[in-house]
Amino acid sequence: MTTTPSLPSSDASLARGGVVLALAAKDRMLGVLTAAAPPNGTLPQSSIDALRRLAPSVALAIDVQLLGEGERNRHARERMLATALATMDQPVFVLALDRRVLYANDAAVREYGYTLDELTTMTVDALVRSAVPMRAGHDLSRTPANVVVAEHVHRRRDGSQFPATVALSFIRQDNGAPIGQVLSVRNLTDERRIAEQLRQSEKLAALGELVAGVAHELNNPLAGISAFAQLLLEEELNADQRESARLIKREADRAVGVIRDLLLFARKAGPS
């Protein structure tokens with residue numbers, strides 16, 4: 001029921017003969033209704049009584065309008081949230097407390113290969129092949145206290161699998177009681193591949209440094225062997241000795257050429 005609280009002094013009197021009436025609904029002040037008196041006159045009592053009878057209806061109409069606006073704003077927020085979930089590029093599930101899938105966004109449909117209708121007949125556990133320990137280096141300090149983070153191996157409809165990081169949080173009522181869960185999934189396949197490529201690059205860089213060091217150690221004695229073989233060729237030698245000296249020099253020069261190529265490979269190239 002709509003009530004009109006009384007104003008201080010008289011709720012139907014103003015200076016110069018006007019009237020002001022409070023507009024309230026459900027114990028909430030919405031505004032005031034005012035009427036000005038004619039010049040050098042006052043409002044008749046019948047007009048004041050009519051305004052008093054009108055005030056509750058005006059207050060009720062304003063209250064309904066405000067409630068309608070709040071409802072429209074709530075629906076607008078819900079549509080915005082649904083659009084945001086639908087356009088995310090990572091799978092997101094809304095789960096019941098028994099882990100049944102109530103909602104899955106388009107990314108989840110694409111990732112797992114099930115239709116939305118099929119997903120909503122499943123529990124999320126049907127998509128989990130296994131859970132694995134968290135990898136070292138995960139920064140739990142950046143994870144909100146009400147979010148549980150874990151690593152899983154998930155299974156698609158076609159049987160293929162992929163590693164994933166999952167984050168689970170609860171949907172709670174105003175009193176804190178949980179009524180559902182939100183699960184977001186991040187496919188780690190690309191990250192693992194990039195990490196492996198970085199590890200291989202680091203190995204190649206270390207190998208290059210090792211090769212450069214070994215090449216420098218071998219280059220000097222080989223250059224000496226080649227030089228002494230050249231000196232031998234300038235001496236009086238028989239045919240077999242000369243052929244052996246030529247072979248020593250040729251093979252030493254070939255080894256020096258291989259080492260030069262290794263040094264070129266190991267050297268850090270600048271931009272070109």
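All residue numbers in this chain count up from 1 along the given sequence. None of these values were measured; they are calculated from a predicted model.
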Rounded to the nearest 0.5 Å, the CG atom of D190 sits from the CZ atom of R193 at a distance of 4.5 Å
Here the gap from Q241 atom CD to L232 atom CG, rounded to the nearest 0.5 Å, amounts to 9.0 Å
Should [X] and [Y] count as side-chain neighbours, where that means a heavy-atom distance under 4.5 Å?
X: I171; Y: V94; result: yes
X: E118; Y: R157; result: yes
X: R100; Y: L95; result: no
X: S184; Y: V166; result: no
X: R99; Y: L168; result: yes
X: H154; Y: V185; result: yes

Q) Side chains of N187 and T189: donor-acceptor distance under 3.5 Å anywhere? A) yes
Item to complete: Establish, from distance only, whether the side-chain atoms of D117 and T115 form a donor-acceptor pair under 3.5 Å.
Response: no
Could you report the tightest heavy-atom contact between [X] and [Y], atom names first, then the distance?
X: R110; Y: M88; answer: NH2-O, 4.3 Å
X: L233; Y: R242; answer: O-NH1, 2.8 Å
X: A59; Y: A24; answer: CB-O, 3.4 Å

Sequence neighbours excluded, the answer for side-chain contact (heavy atoms from CB on, under 4.5 Å) partners of P178 is L97, F170, R172
Q. Do the charged groups of E251 and R254 touch, with an N to O distance under 4.0 Å?
A.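 Counted as a salt bridge, because a side-chain N and a carboxylate O are separated by less than 4.0 Å.
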